[in-house]
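We number each residue from 1, following the sequence as shown.
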Amino acid sequence: MDKRLAIVTGTSGGLGASIATNLTGAGFRVAGIARRSVDPQSISQDSDAYIHIEQDLGEIDALGDLVKGIVDDHGKPFALINNAALGTDGVLPTMHNSDIEALVRVNVTSPIVLTKYVVRHMLSARRGRVVNISSIVAQTGYRGLAAYGATKASMEGFTRSLARDLGPRKITVNTVAPGFLETEMTSNLGDKNLDRIRNRSALSRFADVDEVAAAVGFLLSDAGAGITGTTVTVDAGSTA
């Protein structure tokens with residue numbers, strides 16, 4: 001119970017798993033939340049470092065009990081990383097309303113409500129870190145990602161205002177905006193589009209999930225204590 005606890009959502013693969021691995025390697029205990037099961041040893045060989053919780057974060061009414069259970073069993077969290085998101089694409093005029101609603105529920109409503117319950121415990125401790133995972137699409141746009149881009153832009157606005165609210169209690173709130181990553185979420189863009197995106201970046205490659213995870217780790221470190229209300233972009237120079 002002496003290690004700082006970080007709650008990380010979407011740890012069943014890709015960026016979320018990398019963030020969890022990075023943080024356990026840095027000495028954090030991580031409570032990972034995902035719809036799918038995860039072998040804790042795939043995150044850390046230390047059996048006490050990673051706790052996995054299977055939960056559909058789209059079930060908004062269950063989030064209060066989820067946080068209460070984590071606190072009761074593992075203590076108050078030092079950090080929350082809102083990483084879980086849907087990556088549904090589609091041209092807006094032909095998107096089904098249910099797909100749009102699901103994107104907003106999982107990508108916006110869920111992390112805001114989850115943050116509400118988590119930061120209550122940070123306020124009483126007078127310390128904490130919140131990191132919201134966005135995307136460069138929030139600023140640059142991308143064809144077929146209008147609804148997804150809107151959800152990520154929402155999280156950046158949420159970050160800036162929440163940083164003002166929580167700053168007096170020594171709680172920082174920041175966003176990390178990755179560029180396109182070679183993960184399950186981007187695999188449906190197709191090789192041609194992925195090659196075009198890769199070649200457009202200053203480094204002629206995608207950012208790596210471990211590089212994005214390292215940025216999250218920095219914001220949770222003592223060296224990141226003076227950074228709040230901002231967006232850290234990790235995109236291999238795609239927006240340079």
With a 3.5 Å distance limit and no angle check, can you tell me whether E211 reaches the backbone of D208 through a side-chain donor-acceptor pair?
yes

Which value, rounded to the nearest 0.5 Å, describes the distance between N174 atom CG and R160 atom CZ?
11.5 Å

Between S44 and A49, which heavy-atom pair has the shortest distance, and what is it?
OG-CB, 3.6 Å

Pick one: which of L145, L103, I100 meets side chain to side chain contact (heavy atoms under 4.5 Å, CB included) with T88?
L103

Enter the distance from S135:OG to D235:CG here, rounded to the nearest 0.5 Å.
9.5 Å

Hydrophobic cluster membership, with links at side-chain heavy-atom distances under 4.5 Å among I/L/V/M/F/W/Y: are V106 and L92 in one?
yes

Would you check if V216 and N22 make a side-chain contact, meaning some heavy-atom pair closer than 4.5 Å?
no

Check whether more than 12 heavy atoms from other residues, nucleotides or ligands sit under 6.0 Å from atom NZ of K68, and answer yes or no.
no

Indicate, with yes or no, if V104 and V91 share a hydrophobic cluster defined by side-chain heavy-atom contacts under 4.5 Å among Ile, Leu, Val, Met, Phe, Trp and Tyr.
no

Side-chain (Q45) to main-chain (Q41) donor-acceptor, under 3.5 angstrom:
yes

Let me confirm one number: the CZ-CG distance from F158 to N82, rounded to the nearest 0.5 Å.
7.0 Å

Treating N132 as the side-chain partner and T175 as the backbone partner, does any N or O pair qualify as donor plus acceptor under 3.5 Å?
no

Do I7 and V118 pass the side chain to side chain contact (heavy atoms under 4.5 Å, CB included) test, and can you show the C-alpha distance, the side-chain angles, and the key distance before you say yes or no?
CA-CA 9 Å; I7 298 173; V118 171; 4.0 Å; yes

Under-4.0 Å salt bridge between R105 and E101
yes

In terms of heavy-atom contacts, V137 and G149 come closest through CG1-CA, 3.8 Å

Identify the heavy atoms of P178 and L15 that sit nearest to each other, and give their distance.
CG-CD2, 4.2 Å

May I ask you to test the V212-L181 pair for a side-chain heavy-atom distance under 4.5 Å?
yes

Short question: side chain of D56, backbone of R35 - any donor-acceptor pair under 3.5 Å?
no

Any idea which heavy atoms bring I136 and A177 closest together, and the distance?
CG2-O, 4.0 Å

Taking the side chain as every heavy atom from C-beta outward, state whether T172 and I227 have any atom pair closer than 4.5 Å.
no

Determine, for D46 against K3, whether the closest basic-nitrogen to carboxylate-oxygen distance falls under 4.0 angstrom.
yes

Side chain to side chain contact (heavy atoms under 4.5 Å, CB included) for L80 and T115? Distances and angles first, verdict last.
CA-CA 7 Å; L80 169 65; T115 301; 3.4 Å; yes

Would you mind reporting whether L166 and L123 have side-chain heavy atoms less than 4.5 Å apart?
yes

Measure from the side-chain N and O atoms of R129 to the backbone N and O of S221, and report whether any donor-acceptor pair falls under 3.5 Å.
yes

Who pairs with R120 by side chain to side chain donor-acceptor pair (under 3.5 Å), at least two apart in sequence or on another chain?
none

Kindly say whether R205 contributes a backbone atom to a donor-acceptor pair with the side chain of S201 at under 3.5 angstrom?
yes

Is it the case that the side chain of R29 and the backbone of H74 share a donor-acceptor pair, with hydrogens and angles ignored and the cut-off at 3.5 Å?
yes

For V67 and H121: C-alpha separation, side-chain torsions, deciding distance, then whether side chain to side chain contact (heavy atoms under 4.5 Å, CB included) applies.
CA-CA 10 Å; V67 174; H121 301 283; 4.1 Å; yes

Could you measure the distance from the CG atom of D65 to the CD1 atom of I70? Nearest 0.5 Å is fine.
11.5 Å

Do T11 and I33 pass the side chain to side chain contact (heavy atoms under 4.5 Å, CB included) test, and can you show the C-alpha distance, the side-chain angles, and the key distance before you say yes or no?
CA-CA 6 Å; T11 55; I33 306 169; 5.9 Å; no

Nearest 0.5 Å please: distance from the NZ atom of K152 over to the OG1 atom of T231.
11.5 Å

Is the closest side-chain donor-acceptor distance between S18 and D210 under 3.5 Å?
yes

Hey, does the side chain of S110 reach the backbone of L57 with a donor-acceptor pair shorter than 3.5 angstrom?
yes

Does anything in residues 45-70 form a ring pair (Phe, Tyr, Trp, His ring centres under 6.0 Å)? List the pairs, not counting sequence neighbours.
Y50-H52

Rounded to the nearest 0.5 angstrom, the OG1-CD1 distance for T21 and I43 is 4.0 Å

Within a 6.0 Å radius of atom CG on D61, are there more than 12 heavy atoms belonging to other residues, nucleotides or ligands?
no

I need the minimum non-hydrogen distance between I53 and A31, along with the two atoms involved.
CD1-CB, 4.4 Å

Go through the structure and list residues passing side chain to side chain donor-acceptor pair (under 3.5 Å) with T151, not counting sequence neighbours.
N107

Given side chains that start at C-beta, do those of L23 and L220 come closer than 4.5 Å, heavy atoms only?
yes

Closest non-hydrogen atom pair between F28 and A6, with its separation
CD2-CB, 4.3 Å

Quick one: does R169's side chain have a donor or acceptor within less than 3.5 Å of a partner on R126's backbone?
no

Between Y142 and F180, does the ring centre distance come in under 6.0 Å?
yes

Hey, does S238 have a side-chain heavy atom less than 4.5 Å from the side chain of R200?
no

Donor-acceptor pair, R198 side chain versus S204 backbone, under 3.5 Å?
no

